[in-house]
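Remarks on the structure that follows.
Any value given below was found using the heavy atoms of this structure, including those in side chains, with hydrogens, waters and symmetry copies removed. By convention in this document, chain letters (A, B, ...) are assigned in the order of the sequence lines, proteins followed by strands, and residues within each chain are numbered from 1.
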Amino acid sequence: MALVLAPEPPVEGWLNALEAQIARSPSFFDGRPVVLDLAALPREQPDIAGLLKGLSARGVRIIGTEGAHPSWQGLEAWAPLHANSTRPPRVVEVPDERRSVSPAPITQQETNGLLIDHPVRSGQSVVFDKGDVTIVGSVASGAEVMAGGSIHVYGALRGRAIAGLTGNNRARIFCRKLEAELLAIDGVYQTADDMNATLRGRPVQAWLLGAAMTLATLD
Amino acid sequence: MATVLVVTSGKGGVGKTTSTAALGAALAQSGQNVVVVDFDVGLRNLDLVMGAERRVVFDLINVVQGDAKLPQALIRDKRIDTLSLLPASQTRDKDALTAEGVERVISELREKFDWVICDSPAGIERGAVLAMRHADAAVVVTNPEVSSVRDSDRIIGLLDSKTAKAERGERIDKHLLLTRYDPVRAGRGEMLNTDDVLEILSIPLLGIIPESEDVLRSSNIGTPVTMGNPTSAAARAYFEAARRLKGETLVVTVPAERRSLMGRLFGRRAVA
């Protein structure tokens, strides 16, 4: 289970509050991976380096970030979960009727999802935050697929699949053969170690049941 | 119409240079005009495997930078006169390669030869990317082990995105060459089996080269195995791979070593 920490300005004060919380339950962060939600920080270059140093000094292990502005420096150092996506805030936008009057050329693909009809190779990253991603082929070990909606893999899923990128907790992950390194839906994730060993190699779907990820075979 | 072929893998030590030399010699023996080009600038080996290390005067870098003409740098093989070598420089590094220079050299080679076989350096950096840049087809050399397979997968991704052909929206032909295949260890389940590798990489199989002392011995004396020991199992596998490159359809088999009676009696080592 991933914890999400959302620092608020002023960072100094927030770190002190965090320290007080750690003092109350000292083992709370032990070995727990933490996702850092930076959306609340000011847009102008915040003190990322200071924040990261402050967190690591307090024993908080970070595995990824969300909501970071692409221009911010200092976030390249560690393997980020959402490094190449800026996650929009989890606020559902009310559809604006007037918007449909000015017809923006929206292609079928943009509205319905992204279809990839070749394997996703090691080192490749597919990011599509507008909807579902369907892959006809396999996702290799060391590759990652991130989708705003659900992820469908008609092949072996050996890399990482991160669904519900935009805060969609109804997103699911489907694959024909589960060999994944990591599955994540709306910030809740499981690594290969956490997964039930009997599911490996099977057709599987993953979804969120409350705050927990549930995996089950499809056959 | 010349075919530019890159022999690549991502991982080092899987047999790119050996395979370049063996495939080049096999194609040349069938009457094709072949040049093998060493792109491993700074760590050149192809000249050694081809037995031409004492004849290198000018190299790829000299031609890329315009210090020498292409015919001055090409070394024609003494045994097969349709086989030539363009050696790499040992004293420079990959930064000496320029994109424009490489493009010019490859297009000049296209006019002179039927096959231009580029021996890629290991890695996914500049040298490897420039070696694959102008390729029409690729031979992805892979050992039946997980790290090699994953690196090959990464390289296939680069072949589909960083080559000139891919940028024009065309598809580059990719062939899998499984090398250092040990049937005994594979039978014991100590190696990935061929089906697993093919399933992961999902590209067509060009051939399976058995792990063989003939290959190592040939490399060490500067004679590609298809030239020095053409009846060995490894050489036969390379000959078949070369025929598949030319478009023939042959069933891929795992060539077994033909052993003499004495070899069969004494060839097996004692198991501790």
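- Per-residue counts of heavy-atom pairs under 4.5 Å with chain B were compared for A:Gly137, A:Ser138, A:Ser141; the largest is that of A:Ser141.
- Applying the 6.0 Å contact sphere to CZ of A:Arg176 captures no more than 12 heavy atoms from other residues, nucleotides or ligands.
- Between B:Glu199 and A:Arg158 there is a salt bridge, since a side-chain N of the basic residue sits under 4.0 Å from a carboxylate O of the acidic one.
- There is no contact between B:Leu159 and chain A, counting heavy-atom distances below 4.5 Å.
- In the displayed structure, A:Arg170 atom CZ is contacted under 6.0 Å by at most 12 heavy atoms of other residues, nucleotides or ligands.
- Note: A:Gln124 CD to B:Asp153 CG = 8.0 Å, rounded to the nearest 0.5 Å.
- No hydrogens or angles considered: nothing links the side chains of A:Ser122 and B:Arg150 as a donor-acceptor pair under 3.5 Å.
- Of all heavy-atom pairs between B:Ile200 and A:Arg121, the closest is O-NH1, 4.1 Å.
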